[in-house]
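The structure appears right after this line, and notes come after that.
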4 protein chains.
Amino acid sequence: MSTTDPAGQTSARGRRADAVRNEQALLAAAAAVFVTSGVDAPIREIAARAEVGIGTIYRHFPTRAELVVAVYRHQVEACAEAGPRLSAEADSPFLALRRWVDLLIDFVVTKHGLADALQPGNSAFEALHTYFLDRLVPVFTQLLDAAVQAGEIDPGTEPYELMRGIGNLCIGHGSDPRYDPRRLVDLLLNGLRPTGTS
Amino acid sequence: MSTTDPAGQTSARGRRADAVRNEQALLAAAAAVFVTSGVDAPIREIAARAEVGIGTIYRHFPTRAELVVAVYRHQVEACAEAGPRLSAEADSPFLALRRWVDLLIDFVVTKHGLADALQPGNSAFEALHTYFLDRLVPVFTQLLDAAVQAGEIDPGTEPYELMRGIGNLCIGHGSDPRYDPRRLVDLLLNGLRPTGTS
Amino acid sequence: MSTTDPAGQTSARGRRADAVRNEQALLAAAAAVFVTSGVDAPIREIAARAEVGIGTIYRHFPTRAELVVAVYRHQVEACAEAGPRLSAEADSPFLALRRWVDLLIDFVVTKHGLADALQPGNSAFEALHTYFLDRLVPVFTQLLDAAVQAGEIDPGTEPYELMRGIGNLCIGHGSDPRYDPRRLVDLLLNGLRPTGTS
Amino acid sequence: MSTTDPAGQTSARGRRADAVRNEQALLAAAAAVFVTSGVDAPIREIAARAEVGIGTIYRHFPTRAELVVAVYRHQVEACAEAGPRLSAEADSPFLALRRWVDLLIDFVVTKHGLADALQPGNSAFEALHTYFLDRLVPVFTQLLDAAVQAGEIDPGTEPYELMRGIGNLCIGHGSDPRYDPRRLVDLLLNGLRPTGTS
DNA sequence: AATGAATGAGAGTTCATTCAT
DNA sequence: CATGAATGAACTCTCATTCAT
């Protein structure tokens, strides 16, 4: 809504009411369509669902990546912000890490095609990829480092790499009951533990 | 891999020589184009590179999946056949497993977009996916079981799931020096080891 | 805010003027092309003649049948509406029938390939066929019945069948001066008359 | 030199046995395919059914029309030859005419798409059209003239035109139980009768 | 003579993107 | 600002016809 929103990136400051409304409709529509048809869904489909002209999409989100980023921004932010909180709450750094990764998986796994789109080299989504990592890798690094400090996992693993690995394991889930990313990520985290540890 | 064929034993009779030559050209071209533009590359691009008419592709490979399967068949076969051999040669079942997985990674990693195409639900590539798994999962299962038997890894992991996980970790490598699937797969395999083991 | 729109009475509002103009151009172009190349003419040919992009045709007429129907709608309507009028005006029901059939022939005969397209089983034109018959058979039935009532023709002929017969007789005229559908239709109508009548 | 075949158009004189065999197979196959898929059926379909290479069709029948003509030659001939016979046998010239027309309808109606192909302007089938009319119009003329002579029908109708009309009425039959060419042709012939005659 | 591989024009269709209104 | 019509490139697939073997 158009309340005072000092920190809002997509704020309503000085914008026409209809423009703001459209942007919201667009975001909602895109989120819905992404679930159904993936982030590659035809733009028309999104415009139609938002009951908005095609041109309006282009005005608000000149590239598809910008739209995707906008759609997921809230959740990315929430995920990022959960890091420190879990750190404080959990019984151990490793458990904090694990729970955060659960959040991450929840996020990625429910977005049909998101993991795919996150691949670098997917030129249209470069921006998405960048935003995603820029925001989350630091958080992840914190959690990882803490666990290393605590001696719960071995050092030597790059957060960036590990995070992309986790993301990749989330690809293609959904259609296939025999594939559960969570189990594999567990294995992966388990692989980080120091030898001789439970 | 088929060796040079100076005397053309495979040529068979009649027009076959041409056809064989074209099919080879097609496979080579497709392999090359797949690297550049992914397995989704326009048919025309492949035809052009093979210096062959479009129709010729359709004659040899009526569906895209057939072409992709053909392109990778040799390597899939080689990989499958390596399983038992490594089993026999290696110092331990786990090492055999690890070395086989290395081969698998080598294969998948060098094929731009292959891992992507292997996702189920990618209707056009269902056949590829099926072929790939039908051929390799049994081999992988053997290796895994042997390591379990030997007590080198914990039981309870589904080969199918694990193999898809490995495949997924290979996605998107190449453009990014900071991402090495091999390290992550190592972690994954490490995660399989019984607690309290080196 | 209507910009330069000197004579735009049909313009309605917004972009509609353009769309209307294009639709007209399309209908005109299609009509012309149908004469030359039949109703099976390549879509591109029609687009080119209308000086319009291919997509524009698809926007206005998603299926070929819709285009064909649109092209001939005016004339089908005119023909349908002429039935009652002729009924009232003509000196006898049979003469009304005859004159209406003349209109029908005029219409069908000047459309190269229309009669062809009207064949059932011509899947792409099912809609056209349906529309055509739905609209005209009732009219024809009225005229026929009236003539039967008046004792001017024998009963027992199905309007549907007869009308399709008339349509068929119109096929292939045009290229051949020795073939005149009108004479044959006359014969056909003559064949309906009660024996012993002029 | 194989058999002595003085009257055979497609004779086997001095031709290789396999060539003759192929031609027969081709004719049979084409006849069968024409029934299923119409005279426009893909050439490959015919070749496949004849278990013959595509090239072989082109060798024997360089144009599609030649193939169609060859396929129907026997029946056209039979039809042509039936004219004089019916003339002699029937109780009246008109009855002879009527029975001959029945034969004609039988022939045309059972050939899916033949009537269509007989349209002039159908460039590919010009030859067919020509052959068909050249052979049958004279016969038809004889029958018609005889009936005129006998006073059973009015003079003034061109045989050519009438015959094409009959052919046209046969179009599109088959898929539609409500359309029976025979009834319409009856009407047409009835229309030829002198006024005041049964 | 027979074969069938190769060719490539041509038709249909979709969709991102621009731009007049 | 919003709209959605227009555009046309891009892609798939089919099939008549040629021609090397």
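Chain letters run A, B, ... following the sequence lines, proteins first, then strands; residues in each count from 1.
Look at NE2 on H60(A): it is 14 Å from P on dG4(F), rounded to the nearest Å. One interatomic measurement links the two molecules: CZ of R59(D) to P of dT18(F), which rounds to 14 Å at whole-angstrom precision. For the pair E23(A) CD and dT3(F) C1', the interatomic distance rounds to 17 Å; values are reported in whole Å. Going from atom CD of Q24(B) over to atom P of dA6(E) covers 12 Å, rounded to whole Å. Straight-line distance from the CD1 atom of I46(B) to the P atom of dT12(F): 8 Å, rounded to whole Å. Summarising the geometry, the separation between CZ on F61(B) and P on dT14(F) is reported as 17 Å, rounded to the nearest angstrom. The nearest whole Å value for the distance from the CG atom in D18(C) to the C1' atom in dT7(F) is 12 Å. Separating the CD1 atom of I57(D) from the P atom of dC19(F) is a distance of 19 Å, rounded to the nearest angstrom.
Taking every heavy atom of both residues into account, E23(C) and F61(C) meet most closely at CG-CZ, 3.9 Å. Annotation for H60(B) and N22(B): closest pair NE2-CB, 4.2 Å, computed over non-hydrogen atoms. Residues A29(D) and I46(D) share a closest heavy-atom pair of CB-O, 3.8 Å. The minimum heavy-atom distance between R49(C) and A32(C), with the atom names listed, is NH1-CB, 3.3 Å.
Checking dT21(E) for Watson-Crick or G-U wobble geometry (two distances, each under 3.5 Å) identifies dA2(F) as its partner. Nucleotide dA1(E) forms a pair with no other nucleotide shown, judged by Watson-Crick or G-U wobble geometry with both contacts under 3.5 Å.
For V52(A), counting side-chain heavy atoms from C-beta on, the closest listed nucleotide (dA1(E), dA2(F), dT3(F)) is dT3(F).
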Strictly under 3.5 Å: I want the nitrogen or oxygen pairs between protein and nucleotides 15-17 of chain E, one per line.
unit_1	atom_1	unit_2	atom_2	d
dA16(E)	OP2	I43(A)	N	3.2
dA16(E)	N7	R44(A)	NH1	3.2
dT17(E)	OP2	Y58(A)	OH	3.3
dT17(E)	O4	R44(A)	NH1	3.4

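Residues D18(A) and R21(A) are not paired through a salt bridge, judged by the lack of any N-O separation under 4.0 Å between the basic side chain and the carboxylate.
Checked options I43(B), L27(B), V39(B); the residue passing with L67(B) is L27(B) (criterion: side chain to side chain contact (heavy atoms under 4.5 Å, CB included)).
At dC1(F), none of the side-chain N or O atoms of N22(A) fall inside 4.0 Å of OP1 or OP2 (strictly under the cut-off).
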Checklist entry - Under the side chain to side chain contact (heavy atoms under 4.5 Å, CB included) criterion, do Y131(B) and Y72(B) qualify, and how do the steps go? => result CA-CA 10 Å; Y131(B) 166 67; Y72(B) 295 130; over 6 Å; no
